[in-house]
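In what follows, a structure is listed as structure tokens, so that the remarks can point back to it.
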Amino acid sequence: MYMSTDEIRTAYLEFFESKGHQIVPSSSLVPANDPTLLFTNAGMNQFKDCFLGAEKRAYTRATSAQRCVRAGGKHNDLENVGFTARHHTFFEMLGNFSFGDYFKEDAINYAWEFLTDVLKLPKEKLMVTVYETDDEAFALWNEKIGIPADRIVRIGDKEGGKPFESDNFWQMGDTGPCGPCTEIFYDHGDHIWGGPPGSPEEDGDRYIEIWNNVFMQFNRQADGTMEPLPKPSVDTGMGIERIAAIMQGVHSNYEIDIFQTLIKSAADVIGYDDLSNQSLRVVADHIRSCAFLIVDGVMPSNEGRGYVLRRIIRRAVRHGNKLGAKGSYFYKLVGPLAEIMGTAGEELKKQQALVEKVLKIEEENFGRTLERGMAILNEALENLEGDVLDGETVFKLYDTYGFPADLTNDVARERNLSIDEEGFEVAMEAQRQRAREAGQFGTDYNAVIKVDNSSAFTGYGETQGNGLITDIFVDGMSTEALATSDEAVIILDQTPFYAESGGQCGDAGFLMTEAGKFEVVDTQKYGSAIGHRGKLVDGTLSVGDNVDAKVNAERRQAIALNHSATHLLHEALRIILGDHVQQKGSLVRAEGLRFDFSHLEAVKAEELRAVEKMVNEQIRLNHDVSTELMGIDAAKAKGAMALFGEKYDDEVRVLTMGDFSIELCGGTHANRTGDIGMLKLTSEGGIAAGVRRIEAVTGQGAEEAFYRQQREFSQKVSESQTRAKALEKEIQQLKEKLAAQESASLINNVTEINGVKVLISKLDGADSKALRTMVDDLKNQMGSGVVFLGNVADDKVALIAGVTKDLIGKVKAGELVNMVAQQVGGKGGGRPDMAQAGGSDAAALPNALESVTPWLAERL
């Protein structure tokens, strides 16, 4: 019977829900708190801590439709995508999981029931594999289910490999949970080449694995010892694309409804008719991984996850260009993808505009990169000695400019040249090795703190309380007691200390008894337990002690104010910049807050001011900050904003600030928005393509920021004033130097009246302050005589007269200046040897100067 992919997804989840499983939404493609994974690549990733025993949930059975990406690190299918029937960068994994609940028998029964009763697959078309020594699984398939022994294949360890290195033995890493698995295969028919698993022809396409049941049965120690797990678990997975191909009567995954829709859409936007072209399959696959990676916060960049995304986008664009695509086209497939994904496309629909914009910008940028790459290739070929382009250049063009080797080879072949394919492969393998090393799982499961007990958080309404010490860990090892100065992690059955979560840092403070005092420097979660990290500063503490727990209340309050401010900031950014703004990370500390959000360009100064103003208006309105516990579905129906990729319990805490902000949040907050005081933005900048970061302070921190700015401004003003005075002094010195140079030239204009040296001159634009220096200098050069200078600057007249002391009995400088000043609309006077005056009639100065000679002649 035909079933759409969306119908299969729904049927699977509803089937396992009917078997007591909790339906858990797909987690983000960016693994939460798991630096060992580049991307989420299996359904069990989000349940990893449950299998490790580090996290306890309200359910012991779960089912999910998890979106996955394998395009980097050790799980890299990128080069095969589009050229095989079942390789993808993005796929969905249907899974059902048991955390110490049911085991092999129920897992096998559920799988068989779903395939044969729900999907109605012919039993004779199914065969299974088991691990070679797993007699229990063999018996269950053979005796309970009734599969003939000749359709049950035992798969042993790989020849020449390590013990338990088998396709049917799963291991989380070199240590930790592991166990045998049983796989279910579907026979597509004898018209397709290939043999059953375990046969020489097993790599053919006739028998296709559709379901894998992993039985976590052992805990592998570093020395290879296999210890039975106290609570064996089940991790299963079924690729939705493979089962959809079977249910839709086709052989290749690219023939199912999702891909056929995307292939047709790609052909339409490119303008290409042949729907069988492999490049269309590449484009159809890649739009899925690119779109959902962007939805989950990954942006194109030159490193890490962003680099992988950029490579996938460029690969898709190249294949579109091969088919004749003109201009930007790839982003136009986001809409069709959101529709055909059905229930799995809801988050994409919400962020469709953002995803389209990111892809369009990246595609346009790549167009320019292609032009630069082609220029480099042309130059390399023109300067080539010989007829073979070296492998390093071919690799550089591929790795830096997105040129595949075959494109470089095509260009070279047009010029009767070739490329060094072997050298290119050497460089490619070196890159693959670096990727494999970067993706290795290096954590020793048995060195991780595993806490069986849980802790109750009592700190929403108080910063003091008491609790019973249930566990103590020193260097990751459990111990019964602490001695003075020991650094440790202490677990309490209940505590007012908030453990780091949701971007809010952990509390600090003290745990005390009459016998000992422990300083808490940080608080962290260890599964369902709350661990207090710190150091014993006095006495002793032991498991079983009742302690007084006292949080640093002042620090907690500062953190709470900053946390409440991030919620107001988030909403203000969405209002001012647009609904595309999504939180991409935050850090809330006592010192301030940091908020990362999706936005494709720098926030303008006026936009930042509007955001800051809006937040402070909400603070002044002094909204009540209320919290309410409710079911996740009820919270979303109320309009609460949830951060995609975050893990939420069935019952969530809804935080509301007036009618302005409503979000899901488990952190500590102010009682009213007015408690925040005010918010001051301190910086805004980009941290990745399409991701911006704002830093801010609140309350006393904001006050201190203003004082700091005031001090810095005052200091800058003082420094500017000092610098200005220094420059003024320097300028005056230069003017005086120029005046001295001017006087040296004026000395040549000296005449005599009745045997007395006289210098009368008109100047233009000379510095009035330097005139005095000039006159003194001229008097010194003359030895005996009279100097009179008239200067015009800015339509103002400046007059100055100088008389050497031997002549002041005959000529008074003040009388001379006053006589001339009256003729230019001014007056003045001064000492007998030096006098100055001003005037307003610059036009009258030449005639006034002519009157000086006869006036002096009468007196000399």
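If you're wondering where the values come from, they're calculated on a predicted model, not measured in any experiment. Basis for what follows: all heavy atoms, side chains included, without hydrogens, waters or symmetry-related copies.
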- Query: Run the side-chain contact (heavy atoms from CB on, under 4.5 Å) check on Gln618 and Thr673 step by step: do they pass?
  - Reply: CA-CA 7 Å; Gln618 297 303 316; Thr673 60; 5.6 Å; no

- Message: According to side chain to side chain donor-acceptor pair (under 3.5 Å), does anything in residues 798-808 pair up with another residue at least two apart or in another chain? List the pairs.
- Response: Ser784-Asp806, Thr804-Asp806

- Query: Of the non-hydrogen atoms in Gln351 and Val295, which two are nearest, and what is the gap between them?
  - Reply: NE2-O, 3.4 Å

- Taking the side chain as every heavy atom from C-beta outward, state whether Arg305 and Leu309 have any pair of such atoms under 4.5 Å apart. no

- Query: Are side-chain heavy atoms of Leu816 and Val803 found at a separation under 4.5 Å?
  - Reply: no

- Message: What I'd like to find out is whether the side chain of Ile694 reaches to under 4.5 Å of the side chain of Leu608, using heavy atoms alone.
- Response: yes

- Task: Take Met774 and Ile800, measure what side-chain contact (heavy atoms from CB on, under 4.5 Å) needs, and give me the verdict at the end.
- Result: CA-CA 10 Å; Met774 192 180 297; Ile800 185 168; over 6 Å; no

- Message: Nearest 0.5 angstrom please: Gln836 CD to Leu771 CG, how far?
- Response: 7.0 Å

- Check the angle between the aromatic planes of Phe395 and Tyr398 and answer parallel, tilted or perpendicular using the 30° and 60° thresholds. tilted

- Task: Flag the pair Glu612 and Arg609 as a salt bridge only when some basic side-chain nitrogen lies within less than 4.0 angstrom of an acidic carboxylate oxygen.
- Result: yes

- Residues Val603 and Glu684: closest non-hydrogen pair is CG2-OE2, 3.3 Å

- Item | Phe330 side chain near Glu362 side chain, heavy-atom distance below 4.5 Å | no

- Shortest non-hydrogen separation from Phe788 to Ala801 and the atoms involved: CD1-CB, 3.7 Å

- Message: What verdict does the side-chain contact (heavy atoms from CB on, under 4.5 Å) test give for Val308 and Leu293, after you've listed the backbone C-alpha separation in whole Å, the side-chain angles of each residue and the deciding distance to 0.1 Å?
- Response: CA-CA 10 Å; Val308 175; Leu293 282 170; 5.7 Å; no

- Heavy-atom side-chain contact between Val355 and Gln352 under 4.5 Å: no

- Query: Run the salt bridge (Lys or Arg N to Asp or Glu O under 4.0 Å) check on Lys796 and Asp794 step by step: do they pass?
  - Reply: CA-CA 5 Å; Lys796 299 291 184 181; Asp794 298 327; over 6 Å; no

- Side-chain (Ser598) to main-chain (Gly297) donor-acceptor, under 3.5 angstrom: no

- In this structure, OH of Tyr498 is separated from CD of Gln524 (nearest 0.5 Å) by 11.0 Å

- Just one of Val820, Leu845, Asn791, Asp841 clears the side-chain contact (heavy atoms from CB on, under 4.5 Å) bar with Val797, so which one? Leu845

- The reported gap from NZ in Lys810 to CG in Leu856 (rounded to nearest 0.5 angstrom) is 12.0 Å

- Item | Nearest heavy-atom neighbours spanning Met782 and Ile747 | CG-CD1, 3.8 Å

- Message: Keeping Thr698 on the side-chain end and Ile676 on the backbone end, is there a donor-acceptor pair under 3.5 Å?
- Response: no

- Message: For the OG1 atom of Thr627 and the NE2 atom of His669, what is their distance to the nearest 0.5 Å?
- Response: 9.0 Å

- What is the minimum heavy-atom distance between Ala848 and Val824, and which atoms define it? CB-CG1, 4.0 Å

- Item | Salt-bridge criterion met for Lys360 and Glu364 (N-O under 4.0 Å) | yes

- Query: If you take all heavy atoms of Glu363 and Gly327, which pair is closest and at what distance?
  - Reply: OE2-O, 3.7 Å

- Query: For the side chain of Arg556 and the backbone of Thr668, is there at least one donor-acceptor N/O pair under 3.5 Å apart?
  - Reply: no

- Task: Report yes if the side chains of Lys779 and Asp833 come closer than 4.5 Å at any heavy-atom pair, otherwise no.
- Result: yes

- What do the steps show when you test Met834 against Asp776 for side-chain contact (heavy atoms from CB on, under 4.5 Å), and what is the final call? CA-CA 9 Å; Met834 179 73 76; Asp776 285 340; 3.1 Å; yes

- Would you confirm whether Ser761, through its side chain, and Leu789, through its main-chain N or O, come within 3.5 Å as a donor-acceptor pair? no

- Task: Could you tell me the separation between the CD atom of Gln583 and the CG atom of Leu569, rounded to the nearest 0.5 Å?
- Result: 9.5 Å

- Message: Would you say that Val691 contacts Arg693 through its side chain, given a criterion of any heavy-atom pair below 4.5 Å between the two side chains?
- Response: no

- Message: Within the supplied structure, the quantity of interest is the number of heavy atoms (other residues, nucleotides, ligands) at a distance under 6.0 Å from Glu554 CD; does it exceed 12?
- Response: no

- Message: Donor-acceptor check, side chain of Ser564 to backbone of Ala670, threshold 3.5 angstrom: yes or no?
- Response: yes

- Between the side chain of Ser586 and the main-chain N/O of Gly503, is any donor-acceptor distance below 3.5 Å? no

- Would a 4.5 Å heavy-atom cut-off, applied to side chains only, mark Leu681 and Phe595 as touching? no

- More than 12 heavy atoms of other residues, nucleotides or ligands under 6.0 Å from CG of Asp764: is that the case? yes

- Message: Tell me whether Glu606 at atom CD has more than 12 heavy atoms from other residues, nucleotides or ligands lying less than 6.0 Å away.
- Response: yes

- ring pair (Phe, Tyr, Trp, His ring centres under 6.0 Å) partners of His623, counting only residues at least two apart: none

- Can you measure from CZ (Arg314) to CG (Asn321) and round to the nearest 0.5 angstrom? 12.0 Å

- Give every residue pair that meets the side chain to side chain donor-acceptor pair (under 3.5 Å) criterion with at least one member in residues 846-860, sequence neighbours excluded. Gln823-Ser851

- Message: A quick test of your reading: do over 12 heavy atoms of other residues, nucleotides or ligands sit less than 6.0 Å from CZ of Arg672?
- Response: yes

- Picking from Ile576, Leu679, Leu568, Asn616, what satisfies side-chain contact (heavy atoms from CB on, under 4.5 Å) with Val611? Ile576

- Does Gly814 offer a backbone N or O that forms a donor-acceptor pair with the side chain of Asn818 under 3.5 Å? no

